[in-house]
Structure formats: C-alpha cells, structure tokens
Student: 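Here you go, one structure.
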Amino acid sequence: MLKFVIRTLVLLLVVAVAAGYFYRDRIEQLMAVNSLFDGDKIDANFIRMPDLFYSTELSRGDGPLAEFEDGPLITPPNGYEDWVDDRAVQAIIVLQDGKIVLERYYRGTGPEDRRISWSVAKSYLSVLVGTAVDRGEITDLDAPVTDFAPSLAGSAYDGASIRDVLQMSSGVAFNEDYFDFWSDINRMGRTLALGRSMDRFAEGIDAVAGPPGEIFRYVSIDTHVLGMVLRGATGQSVPELITDRLIAPLGLEQDGAYITDGDGVAFVLGGLNFTARDYARFAQMVLNGGTWRGQRIVSEAWLAEATTASASTAVGDLQYGYQWWMPSDTDTSEPGHEFLALGVYGQHIYISPQDNAVVLSFGADRSFDAVGVLDGNIEMFRALAAAGGE
C-alpha cells in the first residue's frame, strides 16, 4: 500500500512538473499581470510589454523615416517639475506647428523605448474605423454589430449598433474597476495573460445594464467588439489594417507591437506599443485633419465627427465621441476645440487645434484615478500647448 501511495505521489509530481513546463509561458504571463503595476516594477514593465505577453510585431516597412524638425524650445510652465514627479511621468513631447518644442524622458526610460498605450489605443481604432467608413467597407454606423460579427448573436451585444459601441453606449454590464481583483476588466486581463480567446470572452458576456444607445458607460470590451466589426467588414486583422493604413504612411522610426491573445487577435482596447515620437506622428496627423506629409490617411469629416461630444455623458463629466475624449468645459460645437486620447496610469495624447499644438505624456502613475488628477493634467497640457505660441 505504501509503495502504491509513493508511486502515485511520484506520478502526480511528474505530471505537475510536466504541466508546469508545458504551460510555463502562460504561468509566467499570469505572474506578470499580477505584478504588472507593482511600484518597483511598473516603470520597467511599461516599456517591455511585448516581452511579457503574447504579441505581434507591427513592421514600419521599408519606407523613408518622416523626420521631425526642432522648433524653438519652450520654457515649461510653473509647477511643471512637481507635476512630472507627482504624476510619475516617463516621457513628454510637445509639438508646435508640427515641430518638437519640448522632449524629455524620465524614470530610467529613453527615446528608443516602446511604450504601452493602454486606452490611447482606442483612439487609434477610431481612426481605423474612419478609414473603413471612408472606403465604404462600413456604410451605416447604425447597423447592428452582429452584421459584421455574427458570433455575438445571443450575447449582451445582440441589438447594439456600431455607433453604440463607438460611443461606449452598448448597454452591456461590465465592471471596469482596475483595483478590484474580480472585476470584469481584471478577469479580461487574466484571459489575455493566459492566452485565451478575447473573442470568446466578448461572446460570453450576457449581462446588460440597460438598452443600447441610451446611457454612456465606459466599457473597454466595447472596443474589442469594434475590432471584431472591423475584421468582419474588411476581411483583415487589425494588425494588418494598422500596418497598411497608419504605420506605413506615417514613416515611423521603429516597428511597433500589438499585445495579442493566444489566437493572435490584437488587444485593440489597450495593447499598442510605440516610441513616444511614433505616437507623436499619429497625433500630428490627427491635428492635421487626417493628412500626413501630403497624404490623406483618414477623412477630416470622420475626425470632426469622432471628436465631437455625442455620447450621453453626465453633465460636468468628461465628454465622449467615438473613442475620443473632450474636457468637460469644452464646447465641442466650436471649431478648433481640444480633445484627448486617454489611457490608465498616465498615458495621454492632448490635441489643441486652436494652439496648433500636440502634447503627449506617458507615465506610470499609480494614483491616476485620484480625485483632481485628470483635471490637473489637462490644466498642464493646456499650459504646455499655449507656451509654444507665446
């Protein structure tokens, strides 16, 4: 009997070791996601995300580099250095009239580092949707998402339109609390880390909070559904689309990378990785109304529509369009109004047509969600954008 027990234990140990070896990548990725935001690791983690998760490279191609010119350097406004420290800023770039007037790197990071976008990636996807509309691949934003992603039939997304998910008004119930281990957003993160299917995760959501199209609720999985729609409408993967329609014409300095699930499906709601200057090329193209170095990339009409407040956000809150944000005190009916792409932990692209300026900041701010932080960030971005015109 004792020999049988020993043999059984040995067999179980061998099986456990073999399983651990076979699934070692997934185990390491799960451990990585559980310590991703630790104070002593967050800075290093945010510039090596493609090494921590499944990912695919986004080739810049063999086209020429689109160089930036240097403009007259600006003097940062009062309080800038304290803001950099308080907000754990890793990198900042300010463009004025398409020229770099401020570029600084902090916290052990540098210009060659590729930085995680987090939800700044949502605004990239908005531009990709715009290219599909421009090309007639999507002809009606009020069409149901199931027209292009039929696997969502029977899920909480059944009945939601493309416009609903663009505006984060799908009606889907989804807990977006980053600090709750069991929240939907963190369960989704573990799905990604373990190499499971993001499509199946979206298809498995069946809880609704209300009818689609009525109330704005920030639900990150909505953006994944947009990615499913894009794939269905174009017959291409999102990495293929972003490479062909954005990366190649922008003349980036380095290859980018997309975090993916185990099936190679891009983590479109937050998985882009580019250098700060390569994000700046995208931002300047948007400021230009969709053109870059004489080439039309997306229509000005789409960008105007996407960056106009159209979602039913509460009075006094940030305003929302199609995966772009506008400050609460901005009149988006006025031409030249400001707008932003925002990502957790301090990732920002701030665009001010009135100042002909772009401000990009990337950080590792573990207090990003504290009261008043975003308002203070916007105040700093406005001051930096205005400084170049003084």
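Hydrogens, waters and symmetry mates are skipped; everything else that's a heavy atom, side chains included, is used. The first residue in the sequence is number 1, and the count goes up from there.
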Student: Which atoms form the tightest heavy-atom contact between Trp118 and Gly343, and what is the distance?
Tutor: CB-CA, 4.1 Å
Student: Using a strict cut-off of less than 4.0 Å between a Lys/Arg side-chain nitrogen and an Asp/Glu carboxylate oxygen, indicate whether Arg60 and Asp255 qualify as a salt bridge.
Tutor: no
Student: Side chains of Thr330 and Glu338 only: does a donor on one sit below 3.5 Å from an acceptor on the other?
Tutor: yes
Student: Could you check whether Glu81 pairs with Arg87 (Lys NZ or Arg NE/NH1/NH2 to Asp/Glu carboxylate O, under 4.0 Å)?
Tutor: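 Salt bridge between Glu81 and Arg87, a charged N being under 4.0 Å from a carboxylate O: no.
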Student: Assess the residue pair Phe37 and Tyr345 against the criterion (ring-ring contact (aromatic ring centres under 6.0 Å, His included)); give the C-alpha distance rounded to whole Å, side-chain angles, the decisive distance to 0.1 Å, and a yes or no.
Tutor: CA-CA 9 Å; Phe37 310 112; Tyr345 294 91; 4.4 Å; yes
Student: Could you point out which residue of Asp244, Ile242, Thr243 forms a side chain to side chain contact (heavy atoms under 4.5 Å, CB included) with Leu246?
Tutor: Ile242
Student: Decide side-chain contact (heavy atoms from CB on, under 4.5 Å) for Ile185 and Asp177; before the verdict, give the C-alpha distance in whole Å, the side-chain angles of both, and the deciding distance to 0.1 Å.
Tutor: CA-CA 7 Å; Ile185 193 73; Asp177 186 348; 5.7 Å; no
Student: Quick check: closest heavy atoms across Asn273 and Ile116, and the distance to 0.1 Å?
Tutor: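 Looks like OD1-CA, 3.5 Å.
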Student: Any chance CG of Asp142 has more than 12 other-residue heavy atoms, nucleotides or ligands included, within less than 6.0 Å?
Tutor: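 Yes, CG of Asp142 has more than 12 neighbouring heavy atoms, counting only those of other groups under 6.0 Å.
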Student: Do the charged groups of Glu57 and Arg114 touch, with an N to O distance under 4.0 Å?
Tutor: yes
Student: Give a yes-or-no answer on whether the side chains of Ser119 and Gln347 include a donor-acceptor pair shorter than 3.5 Å.
Tutor: no
Student: Would you find a donor on one side and an acceptor on the other, under 3.5 Å apart, between the side chain of Thr291 and the backbone of Gly294?
Tutor: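 No; judged by distance alone, with no hydrogens or angles, the pair does not exist.
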Student: Which heavy atom of Ile162 sits nearest to which heavy atom of Val145, and what is that distance?
Tutor: N-CG1, 3.8 Å
Student: Look at Glu69 together with Lys99 and state whether they make a salt bridge at an N to O cut-off of under 4.0 Å.
Tutor: yes
Student: Compute the ring centroids of Trp325 and Tyr218, then answer whether they are less than 6.0 Å apart.
Tutor: yes
Student: Could you check whether atom CD of Glu137 has more than 12 heavy atoms from other residues, nucleotides or ligands sitting under 6.0 Å from it?
Tutor: yes
Student: Are Ser352 and Asp355 close enough that a side-chain donor and a side-chain acceptor fall under 3.5 Å?
Tutor: yes
Student: Establish, from distance only, whether the side-chain atoms of Asp317 and Ser328 form a donor-acceptor pair under 3.5 Å.
Tutor: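 Absent: no donor and acceptor within the cut-off.
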Student: Measuring only between side-chain heavy atoms, which start at C-beta, is Val133 closer than 4.5 Å to Trp302?
Tutor: yes
Student: Which heavy atom of Ser59 sits nearest a heavy atom of Ile247, and at what distance?
Tutor: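 Smallest heavy-atom distance, with atoms named: O-CG2, 3.4 Å.
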Student: Donor-acceptor pair, distance only, cut-off 3.5 Å: does the side chain of Glu176 make one with the backbone of Ser220?
Tutor: yes
Student: Treat each ILVMFWY residue as a node, draw an edge where side-chain heavy atoms are under 4.5 Å apart, and state whether Val225 and Val208 are in one component.
Tutor: no
Student: Taking the side chain as everything from C-beta on, heavy atoms only, tell me whether Lys122 gets closer than 4.5 Å to Leu226.
Tutor: no
Student: Return yes if some donor-acceptor pair links the side-chain N/O of Arg48 with the main-chain N/O of Pro50 below 3.5 Å, else return no.
Tutor: no
Student: Is the closest side-chain donor-acceptor distance between Asn175 and Trp182 under 3.5 Å?
Tutor: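 No pair is found: no donor N or O on one side chain lies under 3.5 Å from an acceptor on the other.
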Student: Any chance you could lay out the side-chain hydrogen bond (donor to acceptor under 3.5 Å, both in side chains) test for Thr275 and Glu253, step after step, and finish with the verdict?
Tutor: CA-CA 8 Å; Thr275 67; Glu253 62 186 19; 3.0 Å; yes
Student: Salt bridge or not between Arg293 and Glu67? Use side-chain N to carboxylate O under 4.0 Å.
Tutor: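 Answer for the salt bridge query: no.
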Student: Applying the side-chain hydrogen bond (donor to acceptor under 3.5 Å, both in side chains) test to Gln167, which of Ser161, Ser310, Ser312 qualifies?
Tutor: Ser310
Student: When Ile92 is tested against each of Phe362, Tyr105, Tyr106 for side chain to side chain contact (heavy atoms under 4.5 Å, CB included), which residue passes?
Tutor: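 Going through Phe362, Tyr105, Tyr106 one by one, the side chain to side chain contact (heavy atoms under 4.5 Å, CB included) with Ile92 is satisfied by Tyr106 alone.
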Student: Would a distance-only check, ignoring hydrogens and angles, find a side-chain to backbone donor-acceptor pair under 3.5 Å from Asp263 to Val265?
Tutor: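 A pair under 3.5 Å: no.
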Student: Can you tell if the side chain of Tyr322 reaches within under 4.5 Å of the side chain of Glu305, non-hydrogen atoms only?
Tutor: yes
Student: Please check if the distance between the ring centroids of Trp292 and Phe282 is under 6.0 Å.
Tutor: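 Aromatic pair excluded; centres sit 6.0 Å or further apart.
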Student: Asp38 side chain to Asp40 main-chain N or O, any donor-acceptor pair under 3.5 Å?
Tutor: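 Side chain of Asp38 to backbone of Asp40: no pair is present.
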Student: Can you name the nearest heavy-atom pair linking Asn356 to Asp97, along with the distance?
Tutor: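 Reported closest heavy-atom pair: ND2-OD1, 2.6 Å.
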Student: With a 6.0 Å cut-off on ring centres, are Phe267 and Tyr258 close enough?
Tutor: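 That pair fails the under 6.0 Å test.
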Student: Between Arg245 and Thr131, does any side-chain donor sit less than 3.5 Å from a side-chain acceptor?
Tutor: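 The criterion, which ignores hydrogens and geometry beyond distance, is satisfied for Thr131 and Arg245.
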Student: How far apart are the closest heavy atoms of Ala202 and Ser155, and which atoms are they?
Tutor: O-CB, 4.4 Å
Student: Please report the interatomic distance CG(Leu241) to CD(Gln236), rounded to the nearest 0.5 Å.
Tutor: 4.5 Å
Student: Any sub-3.5 Å donor-acceptor pair from Tyr279's side-chain atoms to Arg115's backbone N or O?
Tutor: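 The answer is yes, because a donor-acceptor pair under 3.5 Å joins these two groups.
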Student: Pair Asp329, Arg382 - check salt bridge (charged side-chain N to carboxylate O under 4.0 Å, His left out), show working.
Tutor: CA-CA 13 Å; Asp329 58 353; Arg382 286 170 170 170; 2.7 Å; yes
Student: Backbone N or O of Ser126 within a donor-acceptor pair of the Gln323 side chain at under 3.5 Å?
Tutor: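 Here the side-chain-to-backbone pair does not exist.
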Student: Check whether Arg217 reaches the backbone of Ala209 with its side chain - one donor and one acceptor, N or O, closer than 3.5 Å.
Tutor: yes
Student: So, the side chain of Glu334 versus the backbone of Asp331: is there a donor-acceptor pair under 3.5 Å, distance only?
Tutor: no
Student: Are side-chain N/O atoms of Ser299 and Asp134 paired as donor and acceptor at under 3.5 Å?
Tutor: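 Checked: Ser299/Asp134 side chains pair up, N/O donor to acceptor below 3.5 Å.
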Student: Hey, does the side chain of Thr146 reach the backbone of Ala149 with a donor-acceptor pair shorter than 3.5 angstrom?
Tutor: no
